[in-house]
Each structure stands twice: as C-alpha cells, then as structure tokens.
2 protein chains.
Amino acid sequence: MIQNLTDHDREHLQEALGKSGQKVTPQREAVFTVLLAQRDHPTVDEVFHRAREVMPGLSLATVYNCLETFVGCGLVRQVNHERESTRYCPNLTPHAHFRDKATGRVHDIELPPEVLKSLRSILPPGFDSDVVEISFHGRAQAKDSDPSN
Amino acid sequence: MIQNLTDHDREHLQEALGKSGQKVTPQREAVFTVLLAQRDHPTVDEVFHRAREVMPGLSLATVYNCLETFVGCGLVRQVNHERESTRYCPNLTPHAHFRDKATGRVHDIELPPEVLKSLRSILPPGFDSDVVEISFHGRAQAKDSDPSN
DNA sequence: TAATCAGTTAGAATGAGTCTAATCCGCAAG
DNA sequence: CTTGCGGATTAGACTCATTCTAACTGATTA
C-alpha cells in the first residue's frame, strides 16, 4: 500500500526541489511517494501505474517529467541495464547493482569506500569522472523478503 | 581505410564461429573487418555505414544479425551507456569503459585483476555473477591519436 | 481583471532495435 | 547437372521506450 510521505521525507523532497528552484506539486509528491514506498527499482511504467492508483488523472508524460526532475536535483538515481527500460532508485548511498538473470529483479549491493577508491584509481591521469556505474549480472539465490522501504 | 583481415584475425573469426556451429560468410567477414579496423566503439549504424563502403548491398538487419552472432560466440562485447545506442568493442581483455561527456567518445580503461577481484568480493553470499560492467562518466583530456587497431 | 509562467496533459513523433516473409546461396543427394 | 534443403540475408513493417509539441491549468504578480 502507498502511504503518505513522512514529514521527514516531505522535507527532503521540498529541500532538494527548492535548491534547484523548483516547487513541490501534488504530482511530484505522488511520484516521490511511490518511489519510497517500494524500493524495487521500478520502471517508468511501473511508477506510472502505481501512482495512478493514488492520483488517477496523472499522465505518463508527467511521470517522465517528475523523474527527470528528481534525477536533476539528485533525489533519485537512474539505473540502466543493457537496453531495458530505465529504472529508478531512491538509494543515494554509493552502491552497485546486481541484476538477477532469472527474475530480472535488481538488487542494491553496498559499495565500501575503499573498493570505490581502488576502482577510481584505475583511471589514467587526465581522466576525471564524477559518476561510476557498476552493474553485475548473474544469479541470486532467492531469499527475498521484498525490499520495501 | 578498411583493410582485409590478417590471416590471424580470419582464423580467429573462423574458430569462434565454428565453435558455435556457424560459418564464415562474406557479410560476417566484412562486419568483423570493420570492427577491427577502427576500435572506436562504433554503433550499429556506424558499423553499417563503414561496412557498406566495402560491401554496398549489405543490409542493416544483417549488421544487427552479425553483431549478435559475434556477441553470442564471444568475439565482441556490447557496450551500453545510459539509453544511447549500443556500441561494439572487439577488446576482450577485462576492461572498464570511460565515456567522455564532452565528445561522447568511449575509451577503454584497463582493469587490473586485483581490482576486479576486490569488486567481486563485495557480492554477498548467494550472489553469483558472470558479467560485471563498469562505466565511468566524465571528462577526459583530449590527447587522442585515434585508437585504430 | 489581465498577464505571466511553471507545470501538466494527450497525443504525435522519433528512433533503436526486432520481427517477418521472401529470397539467396552453398552444398549434398539423386 | 538439377533438385532440395537449411542457414543466411534482405527490405520493410512493426514495437515500444522515450521525447516532443501544443494546448491547457492554476497559482502568483501587475
């Protein structure tokens, strides 16, 4: 079920949007709520359908717009795997993604700072990177108690 | 300019295809030649146009087919960045990719075994991965004498 | 009240990639 | 030879995620 945002989360939303000179709208709040309610890396379409349950008039274009806005102000991350639909992830801590061949599900894998550092160290001089994407592809033993919030 | 394959490369092609029960065709040879001639991670479309110069009747569908076949038998790797067109890379050694924001160009970054190992070590028990994709995104100081072959 | 402006909306347009059905080609059997 | 077979190739239609466009909404300002 999709609950309302906690005060804390609403503040987080408001602050991040505000910093980029944008405002909180009901649509943005609904989309953000959906993202936090079920952290299973939904596609735009999944977000759309979930958000519609709460706000029936919401349009797909708006969902695209909201998600783009969130990415722009650092509220969520995009996750791409091969050429599949883009997925969205509100986990902002440094982490890698693991895509389960069997189920298609995406799992977050914690990324210790020293591993991230050793990874960055392979860049030759002159290469300056702000983003590193790491994605594993394979099989995970299912022991999956759905990672909602 | 697109030269013919060396005997060594032609053997490589023949062997890899043969192992998966497929044969060398003029189209496959042309596409493979194009990939080796200019290792700049071309898109399908780029491969298509380059190969057409050598084999004017070649169709786009065939280029897709050839590349898929090559990926299937381990002759080349796919490189995906965000949702851009898939690119192809005949470098089979373990390496990461660096995508230059400014030029859109993709560079290979050598990946030392110990870094790869430390990366794999972050997978929790139960997660088994055969493929890891690492891609950096940022700016590279241009000192680029075209990486052909 | 009117003007403005960001945000939202529906639907059209785009474009990478896939699918389909027809054709081609090399080769083995007759 | 010539026939038949199967994989490869081809052109073009199709799919579908994403982007674009132009009209509309609603809050805020003049």
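Values in this document were obtained by computation on a predicted structure and should not be read as measured data. Proteins come first, then strands; the chains are lettered A, B, ... in the order of their sequence lines, and each starts at number 1.
- No salt bridge links B:R77 with B:D108; every basic N to acidic carboxylate O contact stays at or beyond 4.0 Å.
- B:R52 has its CZ atom 15 Å from the P atom of D:dT9, to the nearest Å.
- Of the candidate nucleotides D:dT18, D:dT9, C:dT9, D:dT9 has the atom nearest to the side chain of B:T25.
- Looking at heavy-atom distances under 4.0 Å, B:T62 makes contact with a base.
- Spacing between atom CD of B:E82 and atom C1' of D:dT18 amounts to 14 Å, rounded to whole angstrom units.
- Rounded to an integer number of Å, the gap from B:F48 CZ to C:dG17 P is 14 Å.
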Original post:
Hey, mind stepping through B:E82 and B:R99 against salt bridge (Lys or Arg N to Asp or Glu O under 4.0 Å) and telling me if it holds?
Top reply: CA-CA 10 Å; B:E82 321 263 299; B:R99 165 107 178 315; over 6 Å; no
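- For A:R87 and D:dA17, the CZ to C1' distance is 13 Å, given to the nearest whole Å.
- Under the 4.5 Å side-chain contact rule for hydrophobic residues, A:V131 and A:F127 do not share a cluster.
- Residue A:S85 places its side chain closer to D:dA17 than to any other of C:dT8, D:dA17, D:dA8.
- A:L17 places its CG atom 15 Å from the P atom of C:dA6, with the value rounded to the nearest Å.
- At a threshold of 4.0 angstrom between heavy atoms, the contacts of A:T86 are confined to the sugar-phosphate backbone, with no base atom among them.
- Taking only side-chain atoms of A:R83, from C-beta outward, the nucleotide of C:dA16, C:dT8, D:dT10 with the closest atom is C:dA16.
- As judged by a 4.0 angstrom heavy-atom cut-off over every strand, A:E84 is placed among residues making no nucleic acid contact.
- When heavy atoms are screened at a 4.0 angstrom cut-off, B:L60 is found touching no nucleic acid atom at all.
- With D:dT9, D:dC20, D:dA11 as the candidates, the nucleotide lying closest to the side chain of B:A61 is D:dA11.
- At a threshold of 4.0 angstrom between heavy atoms, the contacts of B:N65 include nucleobase atoms, whether or not backbone atoms are also involved.
- Side-chain proximity of B:K23 to D:dA17, D:dG12, D:dA8: nearest is D:dA8.
- Side-chain contact of A:N80 with B:H81: a donor-acceptor pair under 3.5 Å is absent, judged by distance alone.
- You'll find that the side chain of B:C66 is closest to D:dT9, out of D:dT9, C:dT9, C:dA16.
- We find that OH of B:Y64 is positioned 14 Å from C1' of D:dG12, with the value rounded to whole Å.
- Atom CD of B:E68 is separated from atom C1' of D:dG7 by 14 Å (rounded to the nearest Å).
- With a 4.5 Å cut-off on side-chain heavy atoms, A:R28 and A:F70 count as touching.
- Closest to the side chain of B:Q22, out of C:dA10, C:dT8, D:dA8, is D:dA8.
- One can place CG of B:L67 at 15 Å from P of D:dA8, the figure rounded to the nearest angstrom.
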